[in-house]
Amino acid sequence: MRILLLGSGGREHALYLKLRESPLAEKIFVWPGNALIAREDRVNAPAVVDNFSALEAFIEREKIGLTIVGNEAPLVHGVRDALKAKFPGHYVFGPDKRGAQLEGSKVFSDAFMREAKIPHGESAVARSLGEALELLPQQSLPLVIKADGLAAGKGVSIHHDIEGAKEKLEEIFIARTFGESGSRVLLQKFLKGQEASLFALVDGKDALLLPTAQDYKRALDNDAGENTGGMGAYAPSTDLTDEQKDFVRTHIIQPVIDRFEYRGLLYVGLMIQSEAKDGVAVVEFNCRFGDPETQSILPLLEGDLVEYLLWTDNFDVKFPIMQYGETLRLPHRRGACVNAVIAAKGYPAAFEKNIPLSFPENKNRNLQIIGAGIEERDGHLISTGGRVANIVAYGKDVAEARQILYAYLEDFKNCNAKTREKFYWRSDIAQMRQA
Ligand code: GLY
C-alpha cells in the first residue's frame, strides 16, 4: 500500500521509522517531512493546514491508499471529512472534524467533560478581558489559563499570582498573542499530582491502549521554566495502575467513543491524584499522537503499525491483542525508552534559527536520531524550529536507556563545539525512574 504521512515533527519521524517496518508499506511519502526523514520519500511542499485541494491531487496522482494525519491542524479543519467525501474507499487515520474539536477547542472539550461527568479541573469560560477580570477573584491559585483554540503547544500557562494572570489575559485579549485561538479562554483549577499520557487507538467501537508515557513539559530541569510542547519523555510509565487504566477505559475513553463515534488516536492527558475520588483527572484530550511521547512509545510497540492504523478505519485485519481486566492493549516488548529534545536556546520564547549542527555517527542500534525543526541547506543541517531534534534510546531498563541517551548527547556537544551554546536539553528525563 502507498502511504502518505502528514507532518514534519519528531512525532512524524518516529511514525515514519515504525511504518517503514511494515510489509504492507510499499512506499511512504512524508508531507512536508524534515531533513532527517528519508529524502526520497519527502514531499517538498508547505504543511497541509486547511486547504486540501493540493493534497487531494497528490493522493490521486500517487495512488495513495492510506493517509495518516500526524498533526492536529488538518484534523481540526476537517481533513478526514474532506478526503472521505472525495475518495470514499480511501483510508484515513485520524478523527473527523467533530471529534477533533476535543483538541481544537478547550471550551468545547471542557463542556463535553462536564456533561459526560468525566473528572477534570473545575473551570470557567471568559469571552473578553472584562469577563476574565471579573472571574479572576473567584479563582484559586495556582491558576491555569488556556487559550481556547490551537496554539502550537503554547496556549497553556500556570500562574501563582493574580498579577501574572492579569498580564497573561491582557496579552491574550488585547495584544492577541494567539489571534483567533485566544478569543475565549478557560480559567481552570490547577491539578496537582503526577502526569501521564495514555494513548488509545480507536475504531469507533473499541479502544486498544498503547504503553503509558510520561512527558516533561517544562523547559528546564526539575520542572523549572516555561511550559513547552514537551522536552522529553519516557515509556512505559508505571504510575498508572491497571485499575486506573480500567477506569480511564470505561469512564473516560468510552464516553468519547459513544459521543463522537471517535476513530484514530485519542490522547488522554491525565493527572494521577491518589487522594482524589477517581484517582485520575483529565488534563487534556488531543486528537493525534503526542510529541515527544510517541518517540518513546513506538520503539517498544510490537506488531505492524500499518495494520493497527488501518484497523481504526474499518480495515478488516486480525492481530494479537492482550486483555487485562476491561482493557485491550497492544503487545509491546520489555525494556524502556527515554528521549530528550535538543532545543534552540530561548525556546519556548524567541529563539535563534539557522544554527548549523551535525550529529555524531550513531553506532548504537538502540539509539534513534529523530529530526524535528531541522532543514538541510547546501548539504549542511541547520535548525529551523525551537525543538530541533530528539535523541531516543532503548535499554533493558530506564537506567540503561538514560546512559545511552546522555552519552550520545555528550558526543553531540563535542561534535558541535562552535554552536553548542545555542542548544539546550533537559538532563533529568526519567531520572527519578532509574533506580
Ligand atoms: N506532549 C504534549 C502533546 O503532544 O500535546
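Numbering of residues begins at 1 and proceeds along the displayed sequence. In listed order, ligands and their atoms are each counted from 1. Predicted model, so just to flag it, every value in this text is computed and none were measured.
Glu375 and Thr384 share no donor-acceptor pair across their side chains, judged by distance under 3.5 Å alone. Gln368 and Tyr394 share no side-chain donor-acceptor pair at under 3.5 Å.
Each of the atoms 5 (O) of ligand 1 lies under 4.0 Å from some heavy atom of Asn286. Residue Gly290 approaches ligand 1 through these ligand atoms, each under 4.0 Å from one of its heavy atoms: 4 (O). The distance from ligand 1 to the heavy atoms of Gly229 drops below 4.0 Å at these ligand atoms: 1 (N), 2 (C). Under a 4.0 Å criterion applied to the non-hydrogen atoms of Asp215, ligand 1 contributes the atoms 1 (N), 2 (C).
For the pair Arg329 and Tyr324, the distance from NZ or CZ to the six-membered ring centre is under 6.0 Å and the angle to the ring normal is within 45 degrees. Judged by the 6.0 Å and 45° rule, Arg42 forms no cation-pi pair with Tyr16.
Contact analysis puts Tyr267 in contact with ligand 1, with a non-hydrogen atom separation below 4.0 angstrom.
In this structure, His160 and Phe190 have tilted ring planes: the angle between them lies in the 30° to 60° band.
For atom 5 (O) of ligand 1, the choice among Met231, Arg288, Glu293, Glu284 with the nearest heavy atom turns out to be Arg288.
Not a single N or O atom of Lys217, backbone or side chain, sits closer than 3.5 Å to an N or O atom of ligand 1.
The environment of CD in Glu226 is sparse: at most 12 heavy-atom neighbours from other residues, nucleotides or ligands sit within 6.0 Å.
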